[in-house]
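Heads up: numbering here begins at 1 and tracks the sequence.
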Amino acid sequence: MIRFRIPLTIILTGLFVAISFSQPYSDPTLRRLGYHTGNRIGLSFYNDGQVAGFNTGLDIRGEWPLGSGENYIGDCIPVVGVEFVDARGETLHSVTISRGPRNNQSNEKDPVLGYFWGWNPRPGYLNPNAQAIAMSHMSNTWPIEGWFDQPDWKDLNGITQWNGYFGRGITNADQESYFVADDQWDTEFNSYYRPDSGDLSRRGMA
(Lines give C-alpha, C1' and ligand atoms only; values in the text may rest on other atoms or scores of the structure.)
Protein backbone atom coordinates (compact mmCIF):
# COMPACT_ATOMS: atom_id res chain seq x y z
CA MET A 1 0.00 0.00 0.00
CA ILE A 2 1.28 3.46 -0.84
CA ARG A 3 0.18 6.57 1.05
CA PHE A 4 0.50 9.89 -0.73
CA ARG A 5 0.34 13.44 0.53
CA ILE A 6 1.21 16.19 -1.89
CA PRO A 7 1.53 19.61 -0.25
CA LEU A 8 2.01 22.05 -3.13
CA THR A 9 4.50 24.35 -1.44
CA ILE A 10 7.07 21.53 -1.38
CA ILE A 11 5.68 19.60 -4.37
CA LEU A 12 6.03 15.90 -3.44
CA THR A 13 6.89 16.18 0.23
CA GLY A 14 6.34 12.80 1.71
CA LEU A 15 5.82 9.53 -0.07
CA PHE A 16 4.88 6.99 2.57
CA VAL A 17 4.97 3.22 2.19
CA ALA A 18 2.92 1.42 4.82
CA ILE A 19 1.33 -1.97 5.24
CA SER A 20 -2.23 -2.40 6.47
CA PHE A 21 -4.37 -5.54 6.63
CA SER A 22 -7.61 -4.14 8.01
CA GLN A 23 -8.96 -1.76 5.39
CA PRO A 24 -10.83 -2.44 2.15
CA TYR A 25 -8.76 -2.98 -0.94
CA SER A 26 -8.42 -0.68 -3.92
CA ASP A 27 -11.14 0.13 -6.44
CA PRO A 28 -10.24 1.26 -9.98
CA THR A 29 -13.59 3.08 -10.29
CA LEU A 30 -12.32 5.56 -7.67
CA ARG A 31 -9.46 6.78 -9.89
CA ARG A 32 -9.61 10.56 -10.10
CA LEU A 33 -7.61 13.37 -11.68
CA GLY A 34 -6.43 16.26 -9.52
CA TYR A 35 -4.77 19.64 -10.02
CA HIS A 36 -2.59 21.66 -7.70
CA THR A 37 -2.58 25.30 -8.75
CA GLY A 38 -1.31 27.28 -5.78
CA ASN A 39 1.86 29.23 -4.97
CA ARG A 40 2.24 29.98 -8.73
CA ILE A 41 2.89 26.27 -9.43
CA GLY A 42 0.73 23.93 -11.48
CA LEU A 43 0.70 20.14 -11.32
CA SER A 44 -1.71 17.46 -12.54
CA PHE A 45 -1.85 14.03 -10.91
CA TYR A 46 -3.96 10.90 -10.39
CA ASN A 47 -4.77 9.15 -7.12
CA ASP A 48 -3.08 5.95 -8.35
CA GLY A 49 0.26 7.73 -8.00
CA GLN A 50 0.79 9.05 -11.53
CA VAL A 51 2.10 12.65 -11.39
CA ALA A 52 2.04 14.92 -14.46
CA GLY A 53 2.42 13.59 -18.00
CA PHE A 54 -0.90 12.20 -19.26
CA ASN A 55 -0.97 13.25 -22.93
CA THR A 56 -4.70 13.81 -22.55
CA GLY A 57 -6.98 16.63 -21.36
CA LEU A 58 -5.50 19.41 -19.22
CA ASP A 59 -1.96 18.18 -18.61
CA ILE A 60 0.05 20.45 -16.28
CA ARG A 61 3.57 19.05 -16.10
CA GLY A 62 5.04 20.98 -13.20
CA GLU A 63 4.31 24.41 -14.68
CA TRP A 64 6.11 27.39 -13.17
CA PRO A 65 5.21 30.13 -13.00
CA LEU A 66 1.57 29.12 -13.41
CA GLY A 67 0.20 30.28 -16.75
CA SER A 68 3.62 30.56 -18.39
CA GLY A 69 3.41 27.31 -20.34
CA GLU A 70 6.86 26.37 -18.97
CA ASN A 71 6.69 22.75 -17.77
CA TYR A 72 9.50 21.08 -15.84
CA ILE A 73 8.27 17.53 -15.18
CA GLY A 74 7.75 14.81 -17.79
CA ASP A 75 6.01 12.31 -15.57
CA CYS A 76 6.79 10.30 -12.46
CA ILE A 77 5.19 7.29 -10.81
CA PRO A 78 5.78 5.10 -7.76
CA VAL A 79 7.56 1.89 -8.72
CA VAL A 80 7.94 -1.03 -6.32
CA GLY A 81 9.90 -4.12 -7.32
CA VAL A 82 9.66 -7.46 -5.48
CA GLU A 83 11.60 -10.71 -5.70
CA PHE A 84 9.58 -13.66 -4.41
CA VAL A 85 9.30 -17.46 -4.53
CA ASP A 86 5.95 -18.86 -5.69
CA ALA A 87 4.21 -22.14 -4.78
CA ARG A 88 6.14 -23.96 -7.54
CA GLY A 89 9.47 -22.93 -6.04
CA GLU A 90 10.24 -20.46 -8.83
CA THR A 91 12.03 -17.22 -7.99
CA LEU A 92 10.20 -14.45 -9.83
CA HIS A 93 10.21 -10.65 -10.05
CA SER A 94 7.24 -8.30 -10.05
CA VAL A 95 7.19 -4.53 -10.55
CA THR A 96 4.06 -2.56 -9.66
CA ILE A 97 3.46 0.74 -11.48
CA SER A 98 0.72 3.28 -12.13
CA ARG A 99 -0.94 3.85 -15.47
CA GLY A 100 0.95 6.40 -17.51
CA PRO A 101 1.64 7.80 -20.97
CA ARG A 102 4.88 5.97 -21.71
CA ASN A 103 4.97 3.35 -24.45
CA ASN A 104 2.81 0.35 -23.40
CA GLN A 105 2.82 1.43 -19.73
CA SER A 106 -0.98 1.18 -19.50
CA ASN A 107 -1.03 -2.16 -21.32
CA GLU A 108 -0.04 -4.17 -18.23
CA LYS A 109 -3.44 -5.87 -18.10
CA ASP A 110 -5.12 -9.17 -17.40
CA PRO A 111 -5.19 -10.88 -20.82
CA VAL A 112 -8.74 -12.18 -20.36
CA LEU A 113 -10.59 -9.65 -18.20
CA GLY A 114 -8.63 -6.58 -19.30
CA TYR A 115 -8.18 -4.84 -15.93
CA PHE A 116 -4.93 -2.96 -15.24
CA TRP A 117 -2.16 -4.72 -13.29
CA GLY A 118 -0.91 -1.97 -10.98
CA TRP A 119 -1.79 0.68 -8.40
CA ASN A 120 -5.40 1.68 -7.77
CA PRO A 121 -6.89 4.06 -5.15
CA ARG A 122 -8.37 2.74 -1.92
CA PRO A 123 -11.80 3.78 -0.65
CA GLY A 124 -12.09 5.83 2.52
CA TYR A 125 -9.85 8.66 1.35
CA LEU A 126 -12.21 10.68 -0.85
CA ASN A 127 -15.84 11.45 -1.40
CA PRO A 128 -16.79 8.87 -4.07
CA ASN A 129 -19.57 11.19 -5.29
CA ALA A 130 -17.06 13.93 -6.14
CA GLN A 131 -15.10 13.63 -9.35
CA ALA A 132 -11.92 14.84 -7.67
CA ILE A 133 -9.14 13.73 -5.35
CA ALA A 134 -9.41 14.78 -1.70
CA MET A 135 -7.78 18.20 -1.46
CA SER A 136 -7.43 20.50 1.54
CA HIS A 137 -9.13 23.51 -0.07
CA MET A 138 -12.15 21.53 -1.39
CA SER A 139 -14.06 20.07 1.58
CA ASN A 140 -16.64 18.49 -0.76
CA THR A 141 -13.93 16.03 -1.86
CA TRP A 142 -13.33 14.68 1.67
CA PRO A 143 -14.95 11.38 2.70
CA ILE A 144 -18.38 12.11 4.17
CA GLU A 145 -18.25 9.23 6.66
CA GLY A 146 -14.76 10.23 7.81
CA TRP A 147 -11.27 9.17 6.79
CA PHE A 148 -10.59 5.46 6.92
CA ASP A 149 -7.40 5.96 8.94
CA GLN A 150 -8.91 8.73 11.14
CA PRO A 151 -12.70 8.12 11.33
CA ASP A 152 -13.12 10.32 14.42
CA TRP A 153 -11.62 13.45 12.88
CA LYS A 154 -14.90 15.38 12.73
CA ASP A 155 -16.10 18.65 14.21
CA LEU A 156 -18.88 18.98 16.81
CA ASN A 157 -21.48 18.82 14.02
CA GLY A 158 -20.09 15.52 12.70
CA ILE A 159 -18.50 17.14 9.64
CA THR A 160 -15.25 15.56 8.43
CA GLN A 161 -12.11 17.60 9.15
CA TRP A 162 -9.01 17.70 6.94
CA ASN A 163 -6.56 14.80 7.42
CA GLY A 164 -3.47 17.00 7.39
CA TYR A 165 0.16 16.03 7.07
CA PHE A 166 0.77 17.56 10.52
CA GLY A 167 -2.52 16.45 12.05
CA ARG A 168 -6.23 16.99 12.40
CA GLY A 169 -7.49 20.01 10.50
CA ILE A 170 -3.97 21.33 9.90
CA THR A 171 -2.74 22.48 6.49
CA ASN A 172 0.92 23.34 5.94
CA ALA A 173 0.73 24.41 2.31
CA ASP A 174 -1.46 26.42 -0.05
CA GLN A 175 -3.02 23.14 -1.16
CA GLU A 176 -2.63 19.57 0.03
CA SER A 177 -3.96 16.31 -1.33
CA TYR A 178 -4.20 12.90 0.29
CA PHE A 179 -4.85 9.48 -1.20
CA VAL A 180 -3.88 5.84 -0.64
CA ALA A 181 -3.32 3.19 -3.32
CA ASP A 182 -2.55 -0.54 -3.31
CA ASP A 183 -1.73 -3.30 -5.81
CA GLN A 184 -4.74 -5.57 -5.15
CA TRP A 185 -5.53 -5.65 -8.89
CA ASP A 186 -1.98 -6.60 -9.91
CA THR A 187 -2.82 -10.32 -10.09
CA GLU A 188 -0.23 -11.34 -12.71
CA PHE A 189 1.47 -13.85 -10.39
CA ASN A 190 -1.36 -14.75 -8.00
CA SER A 191 -2.19 -18.11 -9.59
CA TYR A 192 0.73 -19.61 -7.65
CA TYR A 193 1.41 -16.94 -5.04
CA ARG A 194 -0.54 -15.45 -2.12
CA PRO A 195 1.16 -12.52 -0.39
CA ASP A 196 -0.62 -12.87 2.97
CA SER A 197 -1.23 -16.32 4.46
CA GLY A 198 -3.60 -14.72 6.98
CA ASP A 199 -5.79 -13.17 4.30
CA LEU A 200 -6.23 -15.33 1.20
CA SER A 201 -8.36 -12.64 -0.45
CA ARG A 202 -5.26 -10.45 -0.68
CA ARG A 203 -3.77 -10.19 -4.18
CA GLY A 204 -0.80 -8.44 -5.72
CA MET A 205 2.34 -8.32 -3.61
CA ALA A 206 0.48 -6.83 -0.59
Side-chain angles (χ1 to χ4, degrees), residues 1-18 26 28-82 93-109 116-122 125-127 130-142 147 149 162-167 169-183 185-186 205:
M1 178 178 73
I2 301 289
R3 294 181 181 270
F4 300 84
R5 296 181 187 268
I6 306 179
L8 187 61
T9 308
I10 317 172
I11 294 187
L12 289 177
T13 295
L15 175 64
F16 299 97
V17 179
S26 57
T29 67
L30 296 177
R31 187 169 181 255
R32 302 284 190 271
L33 177 60
Y35 298 97
H36 278 300
T37 56
N39 197 27
R40 301 184 66 208
I41 297 171
L43 185 72
S44 49
F45 63 102
Y46 280 102
N47 59 349
D48 67 355
Q50 170 73 14
V51 175
F54 307 127
N55 295 336
T56 184
L58 182 59
D59 189 2
I60 309 174
R61 298 173 179 246
E63 185 177 82
W64 184 86
L66 190 64
S68 68
E70 297 293 331
N71 292 280
Y72 296 94
I73 300 174
D75 54 76
C76 57
I77 63 168
V79 177
V80 176
V82 177
H93 300 89
S94 175
V95 177
T96 304
I97 62 172
S98 301
R99 302 162 184 80
R102 298 299 177 184
N103 188 34
N104 295 321
Q105 186 172 328
S106 294
N107 292 334
E108 283 282 312
K109 297 178 180 180
F116 177 68
W117 281 334
W119 301 116
N120 280 297
R122 284 194 172 203
Y125 297 93
L126 81 166
N127 178 353
Q131 294 302 307
I133 296 168
M135 298 185 72
S136 59
H137 63 295
M138 299 189 307
S139 59
N140 66 303
T141 63
W142 307 350
W147 305 92
D149 60 345
W162 178 243
N163 193 336
Y165 181 75
F166 286 112
I170 299 172
T171 58
N172 69 312
D174 295 340
Q175 299 173 6
E176 292 179 18
S177 59
Y178 183 32
F179 55 93
V180 176
D182 72 21
D183 68 338
W185 291 74
D186 193 351
M205 296 290 122

Interatomic distance, Asn172 atom CG to Phe166 atom CZ [nearest 0.5 angstrom]:
5.0 Å

Specify the closest pair of heavy atoms between Ser98 and Pro78, including all atoms of both residues, with the distance to one decimal.
OG-CD, 3.6 Å

Going by heavy atoms in the side chains, are Leu30 and Arg122 under 4.5 Å from each other?
no

Ignoring hydrogens, what is the shortest heavy-atom contact between Asn127 and Trp142? Give both atom names and the distance.
CB-O, 3.3 Å

Residue pair Asn47 / Tyr178, side-chain donor-acceptor N/O under 3.5 Å
no

Just checking, is any N or O donor in the side chain of Asp182 or Asn120 under 3.5 Å from an acceptor N or O on the other one?
no

Out of curiosity, Met135 CE to Phe179 CZ, how far, rounded to the nearest 0.5 Å?
10.0 Å

Full working for side-chain contact (heavy atoms from CB on, under 4.5 Å) between Gln175 and Met138:
CA-CA 9 Å; Gln175 299 173 6; Met138 299 189 307; over 6 Å; no

Return yes if some donor-acceptor pair links the side-chain N/O of Trp185 with the main-chain N/O of Gly118 below 3.5 Å, else return no.
no

Using every non-hydrogen atom in the two residues, find where Ile60 and Ala52 come nearest and quote the distance to one decimal.
O-CB, 4.0 Å

Of all residues at least two apart in sequence or in a different chain, which pass the side-chain hydrogen bond (donor to acceptor under 3.5 Å, both in side chains) check with Trp162?
Glu176

Using the side-chain contact (heavy atoms from CB on, under 4.5 Å) rule, take Phe116 and Glu108 through it: C-alpha gap first, then chi angles, then the decisive distance, then the call.
CA-CA 6 Å; Phe116 177 68; Glu108 283 282 312; 4.1 Å; yes

Name all residues meeting the side-chain hydrogen bond (donor to acceptor under 3.5 Å, both in side chains) criterion together with Ser44; count only those two or more places apart in sequence or in a different chain, and write none if there are none.
none

Gly100 and Ser106: which non-hydrogen atoms are nearest, and at how many Å?
O-OG, 3.1 Å

Just jot down the side-chain contact (heavy atoms from CB on, under 4.5 Å) partners of Tyr46, sequence neighbours excluded, or say none.
Arg31, Leu33, Asp48, Gln50, Phe54

Counting C-beta onward and ignoring hydrogens, is there a side-chain heavy-atom pair between Asp75 and Val51 closer than 4.5 Å?
no

Between Asp186 and Thr96, does the side-chain contact (heavy atoms from CB on, under 4.5 Å) criterion hold? Intermediate values first, please.
CA-CA 7 Å; Asp186 193 351; Thr96 304; 3.2 Å; yes

Can you check whether Asp183 reaches Trp119 side chain to side chain, under 4.5 Å on heavy atoms?
yes

Report yes if the side chains of Ile133 and Thr141 come closer than 4.5 Å at any heavy-atom pair, otherwise no.
no

Just so I know, are the side chains of Ile97 and Gln105 near enough to count as touching, which here means a heavy-atom distance under 4.5 Å?
yes

For the residue pair Glu63 and Ser68, establish whether any side-chain heavy-atom pair is separated by less than 4.5 Å.
yes

For residues His36 and Ser177, report the shortest heavy-atom separation together with the two atoms involved.
NE2-OG, 3.1 Å

Relative to each other, are the rings of Trp147 and Tyr125 parallel, tilted or perpendicular (30° and 60° limits)?
tilted

Please determine whether side-chain contact (heavy atoms from CB on, under 4.5 Å) holds for the pair Val95 and His93, giving the CA-CA distance in whole Å, both sets of side-chain angles, and the decisive distance to 0.1 Å.
CA-CA 7 Å; Val95 177; His93 300 89; 5.9 Å; no

Any Arg32 side-chain heavy atom under 4.5 Å of Leu126 side chain:
yes

Nearest 0.5 Å, what's the CG-NZ distance between Asn107 and Lys109?
5.5 Å

Any non-hydrogen side-chain atom of Tyr35 less than 4.5 Å from a side-chain atom of Leu43?
no

